[in-house]
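The model shown is predicted, which means the values in this text are computed figures rather than measured ones.
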Amino acid sequence: MSEDVIFTPLKWRNIEIKNRLLRSNISGRFDNEDGSLTQTRINWECRFARGGVGAILSSFVPVQMEGRIVAGYATIHRDDFIPLWQRLGEAVHRFDCKYILQLSHSGRQMDLPGVHNQHRRAPSATGHKESLHGFLCRAMTGHEVECTVEAFARGAWRAREAGLDGVELHAANGYLFTQFLSSAINDRNDRYGGSLMNRARFLLEVIEAIRDRVGPDFHLQVKISAVDHNDVLPWEGKGNSLADTVQVCRWAETAGADALHVSLGSLFPHPLNPPGDFPFETIVSTYDAMLSAGVDTFRNYLLFRYPALRWIFRWLWFRHRRGRELEGIGLDEARAIRAAVNIPVISTGGYQRASLVREAINSGACDAVSSARALIANPDMPRQWQAGHDTPENPCTFCNKCLLNAPKNPLGCYELDRFGGDHERMLETLMAIYETRPELQLPPVAPSRETQAHTP
């Protein structure tokens with residue numbers, strides 16, 4: 001019997017992973033308000049490492065607090081966080097699993113600003129509001145762009161110092177890099193706007209700055225949207241084409257990227273990422289957490305709340321999906337990019353069938369795949385594939401209830417049918433990562449800085 005390509009090692013320039021399945025970037029609001037990570041995050045990541053994936057891509061990890069996407073998610077903006085990330089890396093490495101930190105910046109796509117960014121317009125490539133939720137923003141100055149480039153380089157250095165296995169730049173799905181790259185979003189008239197080369201300049205400068213800071217031997221990959229499909233709302237421009245992205249990927253390779261992670265869409269969530277259902281009853285109960293974040297959120301809430309209006313949103317949302325398969329939804333785009341570059345390509349897009357993954361890799365469309373929702377449903381999916389199952393015994397339904405619960409509730413599978421209708425069993429699974437049982441610590445007796453500041 002020939003060797004299963006899924007379970008052959010993937011050799012990058014600087015690291016090697018044991019198989020071709022990566023846990024894609026996803027996480028929940030279980031970190032601290034200051035950006036420090038918690039035991040719960042360690043429990044969460046170890047769930048997938050124990051299940052057998054070759055590598056874990058962290059959730060989006062901001063390099064600056066003013067670029068935080070969701071409050072309650074860990075950041076890498078401080079040197080004193082290095083030991084925390086080191087502890088997480090050590091925990092994951094026990095399972096022969098690599099850990100790659102995804103460096104990010106929200107730009108205008110700041111879903112839940114938290115106290116640090118409340119009532120402040122997010123820095124972006126543009127001053128025009130985000131199209132779906134109406135998040136307000138302001139165009140960054142040239143000096144701010146330069147400072148952000150340095151912040152990414154510093155974040156990569158911290159990841160290396162923590163002993164992590166590499167970093168990924170989140171240049172997909174509507175975040176800050178996308179806002180610079182996209183012809184439909186970037187309206188600048190300086191050296192970072194206009195031509196494709198100018199729009200790609202920010203990304204390329206970050207890659208070069210990281211290489212200057214950490215050298216050539218630390219793994220660096222880029223997640224990128226192959227096609228923007230920015231016209232989710234019909235009056236918006238379509239944005240970058242596949243040909244545009246192919247050229248950007250070539251430039252990224254030349255600048256020093258070791259791999260590319262191919263996605264779709266100029267915002268998140270997007271009809272093509274993650275593909276699947278849109279459960280209105282779920283979002284009605286959680287979207288209120290975002291009502292104050294954007295000027296169009298109340299409009300959206302009305303479309304979600306009232307059944308008579310839902311057809312409007314459903315038509316807008318699903319028209320991009322027509323004629324596309326749910327699993328491997330971006331595989332053709334990944335294939336085009338793989339043919340144009342000489343570095344490995346990872347494809348994301350609802351992968352759950354081992355046969356599809358084998359076909360994708362054997363055909364040369366990609367070198368590996370990443371998955372998130374299917375692994376939330378079945379963290380041991382790699383082991384089930386190894387046991388001969390084409391799909392897990394209790395597969396993900398791609399209902400997207402996990403995603404739509406995330407702004408307000410613990411991240412996990414909320415598809416009650418997968419638990420035989422047993423709500424308590426579902427809750428038990430959701431709560432498993434919170435079983436930290438910490439020892440309560442007593443604060444130091446010495447006066448705090450706040451107390452000293454108010455002493456006459």
Side-chain angles (χ1 to χ4, degrees), residues 21 23-31 38-53 56 59 70 72-73 91-92 95 97 112 269 274-290 301 304-305 307 310 314 317 326-327 349-354 356-357 370-438:
L21 177 64
R23 204 291 310 277
S24 191
N25 51 301
I26 193 166
S27 190
R29 296 177 65 191
F30 39 61
D31 295 307
T38 64
Q39 179 67 50
T40 300
R41 177 177 285 265
I42 293 177
N43 296 347
W44 172 260
E45 302 293 39
C46 285
R47 172 181 287 183
F48 303 98
R50 184 182 299 110
V53 295
I56 289 174
S59 63
V70 176
Y73 276 51
V92 168
F95 301 96
C97 179
L112 292 167
D277 199 4
F278 193 93
F280 286 100
E281 295 306 324
T282 298
I283 198 167
V284 165
S285 67
T286 61
Y287 194 68
D288 59 312
M290 296 177 59
Y301 181 76
F304 302 150
R305 175 68 178 82
R310 289 175 181 173
R314 183 170 287 277
W317 196 250
L326 181 63
E327 290 190 55
Y351 290 101
Q352 186 170 224
R353 283 183 291 137
L356 177 61
V357 175
S370 71
S371 188
R373 293 166 299 160
L375 285 165
I376 290 176
N378 291 284
D380 66 341
M381 186 167 71
R383 303 198 187 284
Q384 294 197 46
W385 285 354
Q386 278 186 306
H389 298 285
D390 188 39
T391 58
E393 294 181 355
N394 189 13
C396 175
T397 64
F398 300 113
C399 65
N400 284 330
K401 291 176 184 176
C402 56
L403 168 69
L404 297 187
N405 268 286
K408 192 173 181 180
N409 299 320
L411 187 64
C413 182
Y414 285 82
E415 180 60 286
L416 196 57
D417 290 346
R418 295 193 62 257
F419 299 92
D422 188 338
H423 189 262
E424 290 303 314
R425 185 174 153 223
M426 183 185 77
L427 284 178
E428 182 180 356
T429 303
L430 285 168
M431 293 297 111
I433 60 167
Y434 293 90
E435 293 182 355
T436 57
R437 301 294 187 267

Any idea which heavy atoms bring [X] and [Y] closest together, and the distance?
X	Y	result
Cys413	Ile376	N-CG2, 3.7 Å
Gly51	Arg383	O-CG, 3.2 Å
Phe95	Ala49	CB-O, 3.5 Å
Ala374	Cys396	CA-CB, 3.8 Å
Pro395	Asn378	CA-ND2, 3.9 Å

key: Reported CZ-to-OG1 distance for the pair Arg29 and Thr40, which is rounded to 0.5 angstrom   = 14.0 Å
request  = Could you tell me which residues satisfy side-chain hydrogen bond (donor to acceptor under 3.5 Å, both in side chains) with Gln352, sequence neighbours excluded, listed by chain and number?
outcome  = none
ask   = Residues two or more places apart in sequence or in another chain: which of them pass side-chain hydrogen bond (donor to acceptor under 3.5 Å, both in side chains) with Tyr414?
value = none
Could you pull out all donor-acceptor pairs under 3.5 Å where a side-chain atom in residues 280-287 meets a protein atom, sequence neighbours excluded?
from, atom 1, to, atom 2, distance (Å)
Glu281, OE2, Arg310, NH1, 3.0
Glu281, OE2, Arg310, NH2, 3.1
Ser285, OG, Thr282, O, 2.7
Thr286, OG1, Thr282, O, 3.4
Thr286, OG1, Leu404, O, 2.6
Tyr287, OH, His133, ND1, 2.8
Tyr287, OH, Asn300, ND2, 3.0

Counterpart residues, salt bridge (Lys or Arg N to Asp or Glu O under 4.0 Å), relative to [X] (two or more places apart):
X	answer
Arg373	none
Arg50	none
Asp288	Lys408
Asp380	none

Kindly write out the residues that satisfy side-chain contact (heavy atoms from CB on, under 4.5 Å) with [X], not counting sequence neighbours, or none if the list is empty.
X	result
Cys399	Thr397, Lys401, Glu415
Arg353	Glu327, Ser355, Leu356, Asp390, Thr391
Leu375	Leu21, Arg23, Phe48, Val53, Ser371, Met381, Pro382

Looking only at atom types and distance, does a side-chain atom of [X] sit under 3.5 Å from a main-chain N or O of [Y], one as donor and one as acceptor?
X	Y	answer
Arg418	Ala377	yes
Glu45	Val92	no
Asn400	Phe278	no

By ring pair (Phe, Tyr, Trp, His ring centres under 6.0 Å) - contacts of Tyr351 (at least two apart) = none
query = Angle class for the Phe30/Tyr434 ring planes (parallel below 30°, perpendicular above 60°, tilted otherwise)?
reply = perpendicular
query = Given Leu411, which of Ile26, Leu430, Leu403, Ile433 fulfils the side-chain contact (heavy atoms from CB on, under 4.5 Å) condition?
reply = Ile26
request  = Can you run down the side chain to side chain donor-acceptor pair (under 3.5 Å) pairs that involve residues 420-431, sequence neighbours left out, and say none if there aren't any?
outcome  = none
